[in-house]
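Worksheet for the structure shown next.
These numbers were taken from a predicted model, which means no experiment stands behind them. Hydrogens, waters and symmetry mates are skipped; everything else that's a heavy atom, side chains included, is used.
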Amino acid sequence: MREEKNRKAPFEDDGRVIARMDLPGMPGVESRVAPRRPEAAEAVGDTADAPPVEPLVLSREERRAMRRAAWIVGVQTALLAGAILTLSFFLVWLWIH
């Protein structure tokens, strides 16, 4: 009568590591995580030996522009939230009266 739906094949783990989820310095990581396989680190590219990232050096004008942009975004967000809140209060007031 009714045809059986095509079902997906059951998931089979091939053991590849896409992204390591063990964070160094996180408490309890060593006890919960299985020992790392060296071939997994080579396949993905281990970032533990990566060179340190240089700190961002900005001029005074660049810092000022970043602060100004942050303030503008904050003020826009606050105005939008206030307008939505005011509109909702007004609509509730209209509904009640």
Side-chain angles (χ1 to χ4, degrees):
M1 291 204 168
R2 195 173 126 195
E3 294 180 27
E4 190 174 327
K5 293 182 181 179
N6 293 337
R7 298 192 184 263
K8 290 183 179 179
F11 177 73
E12 186 175 321
D13 188 11
D14 58 2
R16 290 186 293 170
V17 176
I18 304 301
R20 288 191 2 235
M21 295 294 170
D22 55 336
L23 302 173
M26 191 171 191
V29 168
E30 295 302 321
S31 62
R32 291 181 297 169
V33 177
R36 272 184 63 200
R37 297 176 299 173
E39 63 272 6
E42 292 171 6
V44 176
D46 197 4
T47 58
D49 298 329
V53 179
E54 294 181 17
L56 184 62
V57 179
L58 298 173
S59 67
R60 185 174 184 178
E61 292 82 21
E62 291 170 331
R63 285 193 304 267
R64 186 177 297 148
M66 287 177 65
R67 283 191 200 109
R68 183 172 183 257
W71 271 102
I72 289 172
V73 169
V75 168
Q76 286 176 349
T77 304
L79 288 175
L80 180 63
I84 291 172
L85 188 64
T86 303
L87 178 65
S88 62
F89 280 149
F90 178 70
L91 291 175
V92 168
W93 180 80
L94 281 178
W95 183 33
I96 291 174
H97 286 79

Original post:
Would you say Leu56 and Leu58 make side-chain contact, with heavy atoms under 4.5 Å?
Top reply: yes

**OP:** Could I get the full list of ring pair (Phe, Tyr, Trp, His ring centres under 6.0 Å) partners for Trp93, not counting sequence neighbours?
**Re:**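 Ring pair (Phe, Tyr, Trp, His ring centres under 6.0 Å) check on Trp93 returns His97.
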
**OP:** Supply the atom-to-atom distance Leu80 CG to Leu85 CG, rounded to the nearest 0.5 angstrom.
**Re:**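 Rounded to the nearest 0.5 Å, the CG-CG separation comes to 11.0 Å.
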
Original post:
Roughly how far, to the nearest 0.5 Å, is the OG1 atom of Thr86 from the CG atom of Leu79?
Top reply: 10.0 Å

